[in-house]
Amino acid sequence: RRKKWAKALEAFDALNPRRLSRSLRTEFHFKRGHARFEKGELDAARGDLMKVVGDASARPEYLEAARYYLAHIAYAEGRLTTALAAFEELLAVEAFSNAVPVYIAQILHELQRFEDLAERGGAWLSESSDLRESDRQELSRLLGTAHFHLGDCTQAQPHLEAAWRAADGQ
């Protein structure tokens, strides 16, 4: 898979973005940023994706996806409050509304903001019927551990059991 992105980057490197129209330049920076992200070149990806976010005329699908990748980069770099704020903004974007709650829950858990997670996690489980099963399992696990850390074993148990059953394939 990395070979695919390496080939894409070779093609992008052969282009001079200054010779492209503004709209094509934005598309170029998004696609090269995405390829760099997938290849693990996070600093370089951030540079390209920030150019997309900084372009007031960027097409919404590029702008929203660039914000999504930038949130991932912030998370990967351990900038959790930055990542949390970025993912929070993406909750309202329909294309990411089912994926983002899991990332927010993971960050809240990592920041030990168990009360926030307990308050919001249940709604994400019930409202997000389109969640992938693995995301539903992870949300259940995180919500259960949040309740456990808050000393509410009655609330923790059903979520932890649901996560356990999903992990066990039942």
Shortest non-hydrogen separation from Ala71 to Ala86 and the atoms involved: CB-CB, 3.5 Å
Nearest heavy-atom neighbours spanning Ser97 and Pro101: O-CD, 3.1 Å
Parallel, tilted or perpendicular: rings of Phe30 and Tyr69 (30°, 60°): tilted
Minimum heavy-atom distance Lys31-Tyr62, with the two atoms named: CE-OH, 3.8 Å
pair Thr26-His29: side-chain heavy atoms closer than 4.5 Å: no
From Gln155 atom CD to Gln157 atom CD, the distance as rounded to the nearest 0.5 Å: 10.5 Å
side-chain hydrogen bond (donor to acceptor under 3.5 Å, both in side chains) involving Glu88 - partner list, sequence neighbours excluded: Arg120
Side-chain (Arg25) to main-chain (Pro17) donor-acceptor, under 3.5 angstrom: yes
Passing option when Asp135 is tested against Gln137, Arg132, Glu133 for side chain to side chain contact (heavy atoms under 4.5 Å, CB included): Arg132
Heavy-atom pair of closest approach, residues Ile73 and Phe37: CG1-CD1, 3.8 Å
Greater than 12 external heavy atoms within 6.0 Å of Phe148's CZ: no
Tyr103/His72 aromatic ring centres below 6.0 Å: yes
Atom pair CD/CD of Glu61 and Glu27 - distance to nearest 0.5 Å: 9.0 Å
Hydrophobic cluster membership, Leu15 vs Leu49, 4.5 Å side-chain cutoff: no
For Leu90 against Tyr68, the heavy-atom pair lying closest together: CD1-CA, 3.4 Å
4.5 Å side-chain heavy-atom contact, Arg22 and Asp55: yes
Listed partners of Asp13 passing side-chain hydrogen bond (donor to acceptor under 3.5 Å, both in side chains), at least two apart: none
Considering all heavy atoms, the nearest Gly33-Ala45 contact: O-CB, 3.4 Å
Side chain to side chain, Tyr75 and Glu110, heavy atoms closer than 4.5 Å: yes
Arg136 (side chain) donor-acceptor with Leu125 (main chain) under 3.5 angstrom: yes
Between CD on residue Glu41 and CH2 on residue Trp5, distance to nearest 0.5 Å: 12.0 Å
CG-OG1 distance between Leu117 and Thr145, expressed to the nearest 0.5 angstrom: 6.5 Å
Pairwise distance CG(Leu91) to CZ(Phe96) - rounded to 0.5 angstrom: 12.0 Å
From CA spacing to verdict: salt bridge (Lys or Arg N to Asp or Glu O under 4.0 Å), Glu64, Arg67: CA-CA 5 Å; Glu64 293 163 354; Arg67 291 173 42 218; 5.4 Å; no
Co-membership, hydrophobic cluster, residues Leu70 and Leu84, 4.5 Å side-chain: yes
Side chain to side chain contact (heavy atoms under 4.5 Å, CB included) between His149 and Gln112, worked out: CA-CA 9 Å; His149 283 288; Gln112 297 183 4; over 6 Å; no
Connected via hydrophobic side-chain network under 4.5 Å: Leu143 and Leu160: no
In one Ile/Leu/Val/Met/Phe/Trp/Tyr side-chain cluster, 4.5 Å: Ile107, Leu150: no
Residue Glu77 excluded, over 12 heavy atoms near CD under 6.0 Å: yes
Interatomic distance, Glu138 atom CD to Leu131 atom CG [nearest 0.5 angstrom]: 11.5 Å
hydrophobic_cluster_shared for Trp124 and Val102, side chain cutoff 4.5 Å: yes
